[in-house]
Amino acid sequence: MEQKEQKRESNSTEIEQLSNQIEALQLDINQLDRSVQKLTEIKSRDYRWRYLIPVSLMRGLVTAIGATIVFAFVIYVASIVMAQLETFPLINDILEDLPWEEIIENSKDSTQ
C-alpha cells in the first residue's frame, strides 16, 4: 500500500512539474508570438515610401556609376586592342570611301 501511495505522490508531483513546464512553454510561445508580430510590424515599416524611395534612388545611382565604369573599361580595352593592330582593312576601306571634304563642307555650312 505504501508503495502505491508513493507512486501516486510521485506521479502527482511529476504531473505538477509537467503542468508547470507546459505553462512555462505556453508563456514562452506567447512571448515569441508577440516578438514575431513586432518584427512583422518593423519589416512592414521598412517598405513604406520614406524608406523605399531613398533606397531605390541609391540603387539606381550605384547601378549608373557601375555601368559607367564598366563601359569606360570596355572602351579602354578596345582602344588598346585597336592601337596594337596596325590597320583594320574593313574599317580603312570604309573610311577611305567616305567623302570627307563634303562632310566637312556641310558641317561648316550648317554651323554658319
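Atoms considered below: every heavy atom in the structure, side chains included; atoms not considered: hydrogens, waters and symmetry mates.
- One distance of note links CG of Leu32 with CD of Gln37; it measures 10.5 Å at 0.5 Å rounding.
- Once rounded to the nearest 0.5 Å, the distance linking CD1 of Ile75 with CD1 of Ile80 reads 12.5 Å.
- In this structure, Thr40 contributes its side chain and Val36 its backbone to a donor-acceptor pair below 3.5 Å.
- For the pair Asn106 (side chain) and Glu102 (backbone), a donor-acceptor distance under 3.5 Å is present.
- Separating the CG atom in Leu39 from the CZ atom in Arg34 is a distance of 13.0 Å, to the nearest 0.5 Å.
- Note that CG of Asp33 is 12.5 Å distant from CG of Asp28, once rounded to the nearest 0.5 Å.
- Under a hydrophobic clustering in which Ile, Leu, Val, Met, Phe, Trp and Tyr are joined whenever their side-chain heavy atoms come within less than 4.5 Å, directly or via other members, Leu61 and Ile69 fall into the same cluster.
- Here CG of Leu18 is found 7.0 Å from CD of Glu14. Values are rounded to the nearest 0.5 Å.
- Taking CG of Asn20 as the reference point, atom OG1 of Thr13 lies at 11.0 Å (rounded to 0.5 Å).
- Crowding of Glu101 atom CD: a count of heavy atoms from other residues, nucleotides or ligands under 6.0 Å not exceeding 12.
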